[in-house]
2 protein chains.
Amino acid sequence: MSSTPESIAGAPLTQAERTALSDRSMIDAAIELILEHGTEKTTLKAIGEKAGYSRGLATYRFGSKAGLYDAVCKSISRRWLDYLKAGVGDKTGIEAMGAALDAFYKFVTESPREARVLQILYCGAASPKSEYRETSANIHQKQQDDVADWVRAGQAERRIRGDVDPQSVAAQYIAYISGITYLWLINPDAVDFRKANDDMKLHLELSLSPEAKGD
Amino acid sequence: MSSTPESIAGAPLTQAERTALSDRSMIDAAIELILEHGTEKTTLKAIGEKAGYSRGLATYRFGSKAGLYDAVCKSISRRWLDYLKAGVGDKTGIEAMGAALDAFYKFVTESPREARVLQILYCGAASPKSEYRETSANIHQKQQDDVADWVRAGQAERRIRGDVDPQSVAAQYIAYISGITYLWLINPDAVDFRKANDDMKLHLELSLSPEAKGD
DNA sequence: ACTCACTTGCTTGTCGACAGCAAGTATCTT
DNA sequence: AAGATACTTGCTGTCGACAAGCAAGTGAGT
């Protein structure tokens, strides 16, 4: 009976390859199932079996349901950061903020499933005793700090008015993205991402550019 | 043996009064427990017993855990709408949007527990099969429509530039409130609500008022 | 105003499903 | 071959849900 799952295709896998494969499979299965049933109604048994393993592997590997969701969260976040990096490059100021909105739109349209699941997980992190709350808080904090840096750089180049507080602008910007994604999640038809982002870009221009009244 | 829970205080209660009392008690208990443990780790047994009843009453009365959370969501929403009405009155345009931000700040500072729980419940509504998703979607949609009306009224009075789309501005505005509340929830120290709202008001002024360049 | 049939509020017994754990088996590694 | 590591299976306590039962409230007929 040499037809173990791995050896069917030929060469046997190393231990490292086996764990990498089962990790990937279970994270993918989790994404699929969260999309369909949400985080609460998705069971570890369903995840393990959909990935082609036993009901117990997910717990064994990730320690707990929250541990698995934390891994999924980090996995999708990495993908999103790739989009972000590719879109923004080393732009700064209003330009960077506009490019990030475009990157986000691209992420949502090209990988809507990942985007949805990421937002669902972020929402789960809002619960008082969520075990991956730190993960969400750190990601949001880092993104907010990056935006604040863009604003500061823009101010240094005199392309953003000097009397705005970078941290506050960044908070507002991140809040918009988080909020619009939530609205899209609970009522996809009610949100026109393209239009909302274009309007946001216009408003950023109007409220941040130094040419306007004041400053 | 006339010392039933109700008759201790004197007059016996009517059926309607009894349900009103137990409903209220259970909703209050749920708010308390959600604050402490989140929605998932709060049990119906704990809610019923904290309210002074049996483990089974919550299920019996609200049908399911989701049914109870739906009731809590609606209960807190009503309170928030009171704040909103009192703060905005019949203002319109940018003024109304500023007043709503002030009302929201007041709600968050005066009833932080309710505000937190409401946001936690909204987050729970993001899950694909959440049974109170409709409730959240409706509330957000209605608020967005109200804001759009303020914008239209402001445009009619020539106090808001005519070339912005009311629906889009409203979406952006609601997204900001939703997003900043989420950020506050997962990391309360990182959000200065007062400052963020003041900045938001300034940016609304800059991007919506017709005196600026263009239009 | 008393009572008896009926309704409604609430509790308790029970069940299937779940997350998590520990002990066991199969597969790699040296 | 023998140890290490990937994975499975047996088990337990707890959960939400349901249904049957109990107790308190209600109202029509006398």
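Throughout, a chain's letter reflects where its sequence line sits, starting with A, and its residues are numbered from 1.
Taking atom NZ on A:Lys45 and atom P on D:dG10, their separation rounds to 13 Å, with Å as the unit. Between the CE atom of B:Met26 and the P atom of D:dG16 there is a distance of 14 Å, given to the nearest Å. Taking atom CG on B:Leu21 and atom C1' on C:dT8, their separation rounds to 16 Å, with Å as the unit. Straight-line distance from the CZ atom of A:Arg18 to the P atom of D:dT8: 9 Å, rounded to whole Å. Protein atom CD1 of B:Ile47 is 16 Å distant from nucleotide atom P of C:dC10, rounded to whole Å. For the pair A:Glu17 CD and C:dC28 P, the computed distance is 11 Å after rounding to whole Å.
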- Message: Between B:Asn197 and B:Asp102, is the side-chain contact (heavy atoms from CB on, under 4.5 Å) condition met? List the steps.
- Response: CA-CA 8 Å; B:Asn197 276 355; B:Asp102 290 336; 5.7 Å; no
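Each of D:dC7, C:dG9, D:dT8 was ranked by its minimum atom distance to the side chain of A:Ser54; first place goes to D:dT8. In this structure, the nucleotide among C:dG9, D:dA6, C:dC10 sitting nearest to the side chain of B:Thr19 is C:dG9. Counting only heavy atoms from C-beta on, A:Lys65 has its side chain closest to C:dG20 among C:dG20, D:dA17, C:dT11. Picking from D:dG16, C:dT29, D:dC7 the nucleotide with the shortest atom distance to the side chain of A:Arg61 gives D:dC7. Nearest nucleotide to the side chain of A:Ser64, out of C:dC10, C:dG20, D:dC7: C:dG20.
Taking for each of A:Thr43 and B:Tyr60 the nucleotide of DNA chain C with the nearest heavy atom, the 5'-most of the two is the partner of B:Tyr60. Mapping B:Glu40 and B:Ala16 onto DNA chain D by nearest heavy atom places B:Glu40 at the nucleotide closer to the 5' end.
For the residue pair A:Ser75 and A:Arg24, the shortest heavy atom distance occurs at OG-NH1, 3.6 Å.
A distance of 9.0 Å separates OG of A:Ser130 from CG of A:Leu121, quoted to the nearest 0.5 Å.
Relative ring orientation between B:Tyr122 and A:Tyr182 is described as tilted, the plane-to-plane angle lying within the 30° to 60° band. Relative ring orientation between B:Trp80 and B:Phe107 is described as tilted, the plane-to-plane angle lying within the 30° to 60° band.
Looking at B:Arg55, its side chain has no donor and acceptor atom pair within 3.5 Å of the base of D:dG16.
Between A:Thr59 and C:dC21 there is no side-chain N or O to OP1 or OP2 distance below 4.0 Å.
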